[in-house]
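Below is one structure, written out as structure tokens; the observations come after it.
As a basis for the values below, the full set of heavy atoms in this structure was taken, side chains included, without hydrogen atoms, waters or symmetry mates. Numbers here are sequence positions counted from 1.
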Amino acid sequence: MELKLRIDKKFQKLVDSVWLGQLVESSLAAGNVDAEVELGLFITDDDTVCNLNREYRGVDEATDVLSFAWTEGKVGDDLTTFVRPPDGVIHLGEVIVSYPQALKQASEDGCDLNQELAWLVVHGVLHLLGYDHDGPMKEQEMRAAEKRVLSGIRLISKG
């Protein structure tokens, strides 16, 4: 796996990049990804997420996580393996997480910030792998995958 990680400067001391990489790897394992893949993970602010949400989804508000998949279907399906890039790497896409939204949601839900960040990263990566929650069966499948990943990770504190 090649992870292109970008963390806004104001959040760099608040999150652990190694831990984020472990979350991504665990998510890929839960999705049974056995191919060489590349993806981006960006930890940023509400303004950036709001701008992306408005530009690409037509929704003029911040959200907690955005996923921009470069493939359709699940990794391993014929849809994603029909045409392989020359480098043989499947380019999954980008996951963008709003740190302020994660902080707000953790406070509202009474949970640890790292627990919320972990869920957002895992949720975003699973979207790149073709998981969705736009129907009861799909949501059940996605929630089960999230639970598998999150049950195997450790929450850390940075600082």
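A pairwise comparison of heavy atoms in Gly124 and Ser67 identifies O-OG, 2.9 Å as the closest pair. The shortest non-hydrogen separation linking Gly21 to Met1 is O-CE, 4.2 Å. Minimum heavy-atom separation, Tyr99 to Leu117: CE1-CD1, 4.0 Å. The minimum heavy-atom distance linking Leu126 with Ala145 is given by the pair CD1-CB, 3.8 Å. When every heavy atom of Leu20 is checked against every heavy atom of Leu41, the shortest pair comes out as CB-CD2, 4.0 Å. A pairwise comparison of heavy atoms in Val125 and Val95 identifies N-CG2, 3.8 Å as the closest pair.
Atom CD of Gln115 is separated from atom CG of Leu120 by 11.0 Å, given to the nearest 0.5 angstrom. Distance check, rounded to the nearest 0.5 Å: CG of Leu52 to OG1 of Thr63 gives 11.5 Å. Atoms CD and CD, from Glu108 and Gln101 in turn, are 8.0 Å apart once rounded to the nearest 0.5 Å. Atom CD of Glu38 is separated from atom NE2 of His91 by 5.5 Å, given to the nearest 0.5 angstrom.
No side-chain donor-acceptor contact under 3.5 Å links Ser26 to the backbone of Leu23. Proximity of a side-chain donor or acceptor of Asp8 to a complementary backbone N or O of Lys10 within less than 3.5 Å is not detected. A donor-acceptor pair under 3.5 Å is formed between the side chain of His127 and the backbone N or O of Tyr131. Counting only distance, with no hydrogens or angles, the side chain of Arg54 and the backbone of Val59 share no donor-acceptor pair below 3.5 Å. When atom types are taken as modelled, the side chain of Asn53 and the backbone of Val49 share no donor-acceptor pair closer than 3.5 angstrom. Checked by atom type and distance alone, the side chain of Gln12 pairs as donor or acceptor with a backbone atom of Ile7 at under 3.5 Å.
One hydrophobic cluster holds both Trp19 and Ile43 under the rule that ILVMFWY side chains link at heavy-atom gaps under 4.5 Å. Residues Met142 and Ile153 share a single hydrophobic cluster, defined by chaining ILVMFWY side chains whose heavy atoms lie under 4.5 Å apart. In the hydrophobic clustering of ILVMFWY residues, with side-chain heavy atoms under 4.5 Å counting as a link, Val121 and Ile96 come out apart.
Put simply, the side chain of Arg57 reaches to within 4.5 Å of the side chain of Leu66, judged on heavy atoms. Residues Phe42 and Glu94 have side chains not in contact (no heavy-atom distance under 4.5 Å, counting atoms from C-beta outward). Residues His123 and His133 have side chains in contact (heavy-atom distance under 4.5 Å, counting atoms from C-beta outward). Between Val89 and Glu2 there is no side-chain heavy-atom pair separated by less than 4.5 Å.
Using cut-offs of 30° and 60° on the angle between ring planes, the pair Tyr56 and Phe68 is perpendicular.
Between the side chains of Asp64 and Ser98, not a single donor N or O lies within less than 3.5 Å of an accepting N or O. For the 3.5 Å distance criterion, the side chains of Asp45 and Thr48 qualify, holding a donor opposite an acceptor.
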(request) Report the C-alpha separation of Arg143 and Lys147 in whole Å, then their side-chain angles, then the decisive distance to 0.1 Å, and conclude whether the side-chain contact (heavy atoms from CB on, under 4.5 Å) test is met. (result) CA-CA 6 Å; Arg143 298 298 176 229; Lys147 189 174 182 178; over 6 Å; no

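Glu139 CD: more than 12 foreign heavy atoms inside a 6.0 Å radius.
Each of Leu28, Asn32, Leu39 was evaluated against Leu129; a single residue qualifies, Leu28, per the side chain to side chain contact (heavy atoms under 4.5 Å, CB included) test.
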